[in-house]
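Below is one structure; the comments refer to it alone.
All chains are named by letter (A, B, ...) in the order of the sequence lines, taking the proteins before the strands, and each is independently numbered beginning at 1.
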Amino acid sequence: MKTEPVRTLPVLDVSLCLSAGQTFGWKKHKDDWLGADGESLYILNQMTMGDAKKLVENPAVFKLFGLSDFDRNERLLKLGPELEPMLCSLQGLRLMSLEGTVQSLFSFLCTPNNNIKRIEQMVTSLFSFGVQKTIENSHVQVFPCLERLAEVSEIHLRQLKFGYRARNIPVVAKELLARGGVRYLDQVKSATYQDVLPQLLSLQGVGPKLADCIALFSFGKSEAAPFDVHMWRAYKKLYGVAVDEPLTQKQYQKAGEHMRHRFGLDAGAAHQFIYCYEMMKDNPAAKNRSADSAT
DNA sequence: TGTTTACCTGTAAA
DNA sequence: ATTTACAGGTAAA
């Protein structure tokens, strides 16, 4: 008699997911993570899925962390056995599916030539322009709408230490409004990866890397594989590219295509494991930001 | 078309 | 104590 394989829910490491460069602006409050994605507010506790009944029962959380994809890791391992160390040591890592397209886009506008700590500060500054809401007696800001972002001045953002990125925030907000605002973004979101890319690239301050981040995390284009300096370093080691090879526009294109050829629609998830494994090597403590935030 | 260069700010090395 | 390098890149030269 054939026995059905036991379908256990994937393990979820909330801290790891929220600290993996997919989303910004979440705050650790005691054992919980507080934050917003689009119009939804979340209080997420750091437990594995097996234990956290509240998380399992919440459909929004289920979707946010892509938990319906039960056997993605098995699939990845089959497509790329070289990912075994990453998949083993990052079992709770999930590719997130973010609802807030405006939030995601403007968060990534803060990231170029920057470091995590300052990016978090800048995104928090952007959240401060948003409306405050309440969840279980806690106050959480919702990310500001395009109209609000469009009226924030570059001067003000420079005072908030945005540097040269200050210019892009109101410019891109106005440009998006001119294109139809949220309706336009929804329309872009429903297009294919190949069609989404040029539309994102036409925005000031959005280059190939940001376009891939936005496409992957917020527009659901799971074949996108963003290459930053860390991902490129990890990729070179993994696939035998010379260590001194710089990440040119050409190499960016080539590496992305290789990822898509090897992993197909799982290229984005594969990227996330490779990237995150490389980051953990540099700073294993990033996994437990709870320890840091106490200081 | 493909390669350099400047860009705000903060922090860790040199 | 100062200077330099560089960090989830991009755009312009």
Using the [atom1] atoms only, state how far [M] lies from [N], rounded to an integer number of Å.
N	M	atom1	result
dT3(B)	dG8(C)	P	25 Å
dG9(C)	dT1(B)	P	26 Å
dT10(C)	dT11(B)	P	24 Å

To the nearest Å, give me how far apart [atom1] ([X]) and [atom2] ([N]) are.
X	N	atom1	atom2	result
Tyr164(A)	dG10(B)	OH	P	14 Å
Asn115(A)	dA7(C)	CG	P	10 Å
Leu203(A)	dG9(C)	CG	P	19 Å
Leu200(A)	dG9(C)	CG	P	18 Å
Asn113(A)	dA12(C)	CG	P	16 Å
Arg165(A)	dC7(B)	CZ	P	13 Å
Lys161(A)	dC7(B)	NZ	C1'	16 Å
Phe108(A)	dA7(C)	CZ	C1'	15 Å

For DNA chain C, which residues in residues 216-243 of chain A have a heavy atom at a distance below 4.0 Å?
-> Asp228(A), Val229(A), His230(A)

Could you say whether Ala20(A) or Gly205(A) is positioned toward the 5' end of DNA chain C, judged by the nucleotide with the nearest heavy atom to each?
-> Ala20(A)

Regarding [X] and [Y], do their side chains bring together a donor and an acceptor under 3.5 Å, going by distance alone?
X	Y	answer
His258(A)	Tyr235(A)	yes
Arg179(A)	Ser202(A)	yes
Asp212(A)	Tyr193(A)	yes

If Ile, Leu, Val, Met, Phe, Trp and Tyr residues are connected whenever their side-chain heavy atoms lie under 4.5 Å apart, and connections chain through other members, are [X] and [Y] in the same group?
X	Y	value
Ile274(A)	Val241(A)	yes
Leu238(A)	Tyr252(A)	yes
Leu203(A)	Leu216(A)	yes

Does any N or O in the side chain of Asp71(A) come within less than 3.5 Å of the main-chain N or O of Glu74(A), such that one atom is a donor and the other an acceptor?
-> no

Dot-bracket notation for DNA chain C is requested: 5' to 3', Watson-Crick or G-U wobble pairs only, both distances under 3.5 Å, with ( ), [ ], | and . as defined.
-> .||||||.|||||

Mind telling me if dG10(B) is syn or anti? Syn here is a glycosidic angle within 90° of 0.
-> anti

Residue among Met259(A), Lys209(A), Met279(A) satisfying side chain to side chain contact (heavy atoms under 4.5 Å, CB included) with Met231(A) = Met259(A)

What does Leu247(A) touch in the nucleic acid at a heavy-atom separation under 4.0 angstrom: a base, only the sugar-phosphate, or nothing?
-> nothing

Search all heavy atoms of Val243(A) against all heavy atoms of Lys236(A) and return the closest pair with its distance.
-> O-NZ, 2.7 Å

Can a salt bridge be assigned to the pair [X] and [Y] using a cut-off of 4.0 Å between side-chain N and carboxylate O?
X	Y	result
Glu257(A)	Arg260(A)	no
Asp266(A)	Arg75(A)	yes
Glu151(A)	Arg148(A)	yes

Within the structure, does a side-chain N or O atom of Lys117(A) lie under 4.0 Å from either OP1 or OP2 of dT11(B)?
-> yes

Residues touching DNA chain B, which here means a heavy atom under 4.0 Å, drawn from residues 248-272 of chain A | none

Hey, is the side chain of Arg118(A) pairing donor to acceptor with the base of dC8(B) inside 3.5 Å?
-> yes

